[in-house]
**Q** 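Pasting a structure below so you can have a look.
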Amino acid sequence: MKPLGRQFYCRDTVEVAKDLLGKLLVREVNGRMLVGRIVETEAYGAHNDPASHAYRKKTDRNAVMFGEQGRAYIYFTYGNHFCLNATARDNLPAGAVLIRAMQPIEGIGSMMQNRKTSVLTNIGSGPGKLTQALKITREQNSADLCTKGELYIARSNDKMNSKIGKSSRIGIVRAVDKKWRFFIEENLHVSRKLKTNDRNQQVRV
DNA sequence: CTCTCGATGCACT
DNA sequence: GTGCATCGAGAGA
């Protein structure tokens, strides 16, 4: 499996968010391969995006969002969970794509152990869940996703003729007018369960 | 099935 | 001290 090149991430963050759908998230831990197919993403910008961690100045936490494209930006939230982003931007000073859901492909037994569940649709159906399934913590923060290693993103053989949907981003209160969440329609059952109101906001791209 | 609510650590004001 | 880019349990329908 060949990692996506740096140039893939050196484009408009919203475009990268759409194009990451269907790609393979690859994690090597203790010589074991864990692979998931990305089915839900969200774009986060810089000073143009009040919902982004990079809306204000560069700090210790958000520094990776201001750095090289194609790296893992991982943060800890709600006292319990890690969330995984891929840094991506064109002309703005910062930007990243949050990986919100994945469909388990390989190493499913290990993922089930990591998640303490045997329910397939409960392994990667949420940003905090998929990091737990893949044993991703702040130790992987700033890891290079363009190099074969402990964490990277690879092209998939799947032809991308899937229907793509979009909506407002989940769990934020600012900039709800931006429809920067993207997902593969037929994999909605793998995405996080949404409130009825959020589901009604979803439209076709 | 749906919705509400509390846990929990830490960055930032 | 305040506010989260969340999750799972529990209650109600």
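Below, chains carry the letters A, B, ... as their sequence lines are ordered, and counting in each starts from 1.
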**Q** Side chain of A:Thr59, heavy atoms from C-beta onward: which of C:dC4, B:dA7, B:dC12 has the nearest atom to it?
**A** B:dC12
**Q** Given C:dG8, is OP1 or OP2 found less than 4.0 Å from the side-chain N or O atoms of A:Lys116?
**A**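 It does not, given that no N or O in the side chain of A:Lys116 lies less than 4.0 Å from OP1 or OP2 of C:dG8.
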**Q** Side chains of A:Thr87 and A:Arg71: do they bring a donor and an acceptor to under 3.5 Å?
**A** no
**Q** Do we count A:Tyr44 as stacking onto C:dA5 if the rule is ring centres under 5.5 Å and planes under 30°?
**A**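 So yes, this residue stacks on that base, both cut-offs being met.
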**Q** According to a strict under-4.0 Å criterion, is A:Arg115 in side-chain N/O contact with OP1 or OP2 of C:dG8?
**A**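 Indeed, a polar side-chain atom of A:Arg115 lies that close.
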**Q** State which residue, out of A:Arg89, A:His53, A:Arg169, fulfils the side-chain contact (heavy atoms from CB on, under 4.5 Å) condition with A:Tyr44.
**A**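 Exactly one candidate clears the test, A:Arg169.
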**Q** Distance check: side-chain N/O of A:His81 vs OP1/OP2 of C:dC7, anything under 4.0 Å?
**A** no
**Q** Which nucleotide wins on minimum distance to the side chain of A:Cys83, given the candidates C:dC4, C:dC7, C:dT6?
**A**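 Selected nucleotide: C:dT6.
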**Q** My understanding is that a pair needs two contacts under 3.5 Å, Watson-Crick or G-U wobble. By that rule, which nucleotide pairs with B:dT8?
**A** none
**Q** Calculate the interatomic distance between A:Leu98 atom CG and C:dC4 atom C1'; express it in whole Å.
**A** 14 Å
**Q** With ring centroids as reference points, do A:Tyr55 and A:His47 lie under 6.0 angstrom apart?
**A** no
**Q** For C:dA13, which nucleotide in any strand shown is its Watson-Crick or wobble partner with both distances under 3.5 Å?
**A** none
**Q** Would you kindly give the CZ-to-C1' distance between A:Arg174 and B:dC12, to the nearest whole Å?
**A** 12 Å
**Q** Establish, with yes or no, whether the OP1 or OP2 oxygen of B:dC10 is under 4.0 angstrom from a side-chain nitrogen or oxygen of A:Thr77.
**A** no
**Q** Would you mind reporting whether A:Phe182 and A:Glu40 have side-chain heavy atoms less than 4.5 Å apart?
**A**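 A side-chain contact is absent here, since even the closest heavy-atom pair is not under 4.5 Å.
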